[in-house]
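Chain letters run A, B, ... following the sequence lines, proteins first and then strands; every chain starts at 1. Model, not experiment: these values are computed from the prediction.
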Protein chains: 2
Amino acid sequence: METRGRALRADAERTVRTILEAAERVLAADPTATMEQIAAAAGVARTTVHRRFATREALVEALATWATERFHQAVEAARPLTSPPLVALHQVTANVLQVKIGWSFAMSRTAPSDPEAARVHADVLAQCDRLFRRAQEAGLMSADTDLEWARRVYYALIHEAAEEGREIVDIGAVDQLAARVVDTLLHGVGAPVQTLPRRPVGGAGSSGPDADGHPGPR
Amino acid sequence: METRGRALRADAERTVRTILEAAERVLAADPTATMEQIAAAAGVARTTVHRRFATREALVEALATWATERFHQAVEAARPLTSPPLVALHQVTANVLQVKIGWSFAMSRTAPSDPEAARVHADVLAQCDRLFRRAQEAGLMSADTDLEWARRVYYALIHEAAEEGREIVDIGAVDQLAARVVDTLLHGVGAPVQTLPRRPVGGAGSSGPDADGHPGPR
DNA sequence: AGTAGATGCAACATCGATGTTGCAAGTAAT
DNA sequence: ATTACTTGCAACATCGATGTTGCATCTACT
């Protein structure tokens, strides 16, 4: 039931880390898991958890804050503001994936009531925006691309890739995932657009892909 | 505390629908919302909710089942097996979006312990797969596209679009969202690939986009 | 070695959510 | 109009999760 006494002893510090890691694992599997389960997973008594984190809420918040730091570092380490857009894109993606895979629960909680976390997320958002703008200037994205939508798609793809990477432990596979995310973000999963598709293959009299209009009736 | 007596009276039937709709609204906003809150939102007493749905779990399952039906209908109605791929893609997307926007919570619960719901989802998955195959044959997707990944991306994009469409009530906007999803799925948010990008714009000595290799170190 | 801190354990207190029951009053159906 | 179903209300029972306390034992730090 203490929140901030003073410096913790070495073993206590270790216990805190152990609890946080256990909490991540357990809560990722079941967000409604009980303190009891978390304590068990951490190999400590339930009372010890309460000693370190006054309330369940405090524990989750600590988890979120902890993950947010990693997240921020992951983005910063990619230097998305200075390296060439495509490189930065890949780098950021890989780094963030790494974090999201290991801290999926914590990352799923945009720490409410934590102004620091909010600041970080806003900051990252801004950096993402700037990166995309640079991507536009570099001709990677066309000038009329909706950056808001692009960002959402980007986030969604990262989330999806992280999900897929859940069961993967192999490092290096992360780079492959990142490559796929970036490629998909920029070019989708479709075939490259032929400028003049004269009679595709043959077969059912399908109406050829009409630019971008709405195809059928309702 | 009844599960299946026999035919309900007309007003009771209405009450059930009212409760389900209220549950959807409330639970979408807060998945941990209490029966009390749901009852309040439905404008009935808490005991009435319990009269119609024995347990909380039963209510959620009913919700999921209900939404699953809508979902299945939405997919079927698009005739994804017979209409030309691009048309089907748009149609399916629009229909599913419509459902996901209105039943986000229910749709987020792949009804566990409900074999029927599982069957539906598996069925939809299969149809999605077949549709993508046809898209490949039609040249919409290249032959070496990973259909598993394509499906995940597709689902993720729909999810994202539904999220964005949450605050939108306007029908017709759904078609625009669908168009954007399909376009993004196939072509991403990047600029169309120029076959020979001679010196993009100028500026920082950025290493030009190198095909698909991993850019940096690490 | 001595001390302050840390942990486990058992026991207790609280609280909110869930689920139940009985009854009076209202409403659909024949 | 009569009947059977439905609802609201109030009260009760249960249960699990959370949070607390005291004490004995153990461990890190000086």
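A 4.5 Å side-chain heavy-atom check between B/L140 and B/Q136 finds every atom pair outside the cut-off. Counting heavy atoms from C-beta on, the side chains of B/Y155 and B/L125 come closer than 4.5 Å.
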Contacts table for residues 13-22 of chain A: side-chain donor-acceptor under 3.5 angstrom, sequence neighbours left out:
| unit_1 | atom_1 | unit_2 | atom_2 | d |
| --- | --- | --- | --- | --- |
| A/T15 | OG1 | A/D11 | O | 3.0 |
| A/T18 | OG1 | A/R14 | O | 2.9 |

Would you tabulate the side-chain donor-acceptor contacts of residues 99-106 of chain A under 3.5 Å, counting partners in other chains and residues two or more places apart, or write 'none'?
| unit_1 | atom_1 | unit_2 | atom_2 | d |
| --- | --- | --- | --- | --- |
| A/K100 | NZ | A/H159 | ND1 | 3.2 |

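Between B/T55 and C/dT18 there is no side-chain N or O to OP1 or OP2 distance below 4.0 Å.
Residue pairs meeting the side chain to side chain donor-acceptor pair (under 3.5 Å) criterion with at least one partner in residues 29-48 of chain B, sequence neighbours excluded, are B/D30-B/T32. Among residue pairs with one or both ends in residues 67-87 of chain B, those qualifying as ring pair (Phe, Tyr, Trp, His ring centres under 6.0 Å) are B/F71-B/H121; sequence neighbours excluded.
Residues satisfying the side chain to side chain contact (heavy atoms under 4.5 Å, CB included) criterion with B/A77, sequence neighbours excluded, are B/N95. The side chain to side chain donor-acceptor pair (under 3.5 Å) test applied to A/Q73 returns no partner, not counting sequence neighbours. Judged as a salt bridge (Lys or Arg N to Asp or Glu O under 4.0 Å), and not counting sequence neighbours, B/R79 has no contacts. Applying the side chain to side chain donor-acceptor pair (under 3.5 Å) criterion to A/E160, with sequence neighbours excluded, gives B/R152.
The main-chain N or O of B/L89 is found under 3.5 Å from a side-chain atom of B/T93 such that the two form a donor-acceptor pair.
When rounded to the nearest whole Å, the span between CZ of B/R52 and P of C/dG19 equals 16 Å.
For the helix from C/dA1-D/dT30 to C/dT30-D/dA1, the rotation axes defined at the first and last 5 base pairs enclose an angle of 40°, given to the nearest 10°.
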Atom pairs, N/O to N/O, protein against nucleotides 8-11 of chain C, distance under 3.5 Å?
| unit_1 | atom_1 | unit_2 | atom_2 | d |
| --- | --- | --- | --- | --- |
| C/dG8 | OP2 | A/A45 | N | 3.0 |
| C/dG8 | OP2 | A/T48 | OG1 | 2.5 |
| C/dG8 | N7 | A/R51 | NH2 | 2.8 |
| C/dC9 | N4 | A/T47 | OG1 | 3.4 |

For nucleotides 27-30 of chain C, tabulate all protein N/O to nucleotide N/O atom pairs closer than 3.5 Å, reporting atom names and distance.
| unit_1 | atom_1 | unit_2 | atom_2 | d |
| --- | --- | --- | --- | --- |
| C/dT27 | O2 | B/R9 | NH1 | 3.3 |
| C/dT27 | O2 | B/R9 | NH2 | 3.1 |
| C/dA28 | O4' | B/R9 | NE | 3.4 |
| C/dA28 | O4' | B/R9 | NH2 | 3.4 |

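Remark: A/R151 CZ to A/D146 CG distance equals 10.0 Å, nearest 0.5 Å. Within the model, atoms CG of A/L147 and OH of A/Y154 stand 13.5 Å from one another, a figure rounded to the nearest 0.5 Å.
Within residues 22-40 of chain A, no residue has any heavy atom under 4.0 Å from DNA chain C.
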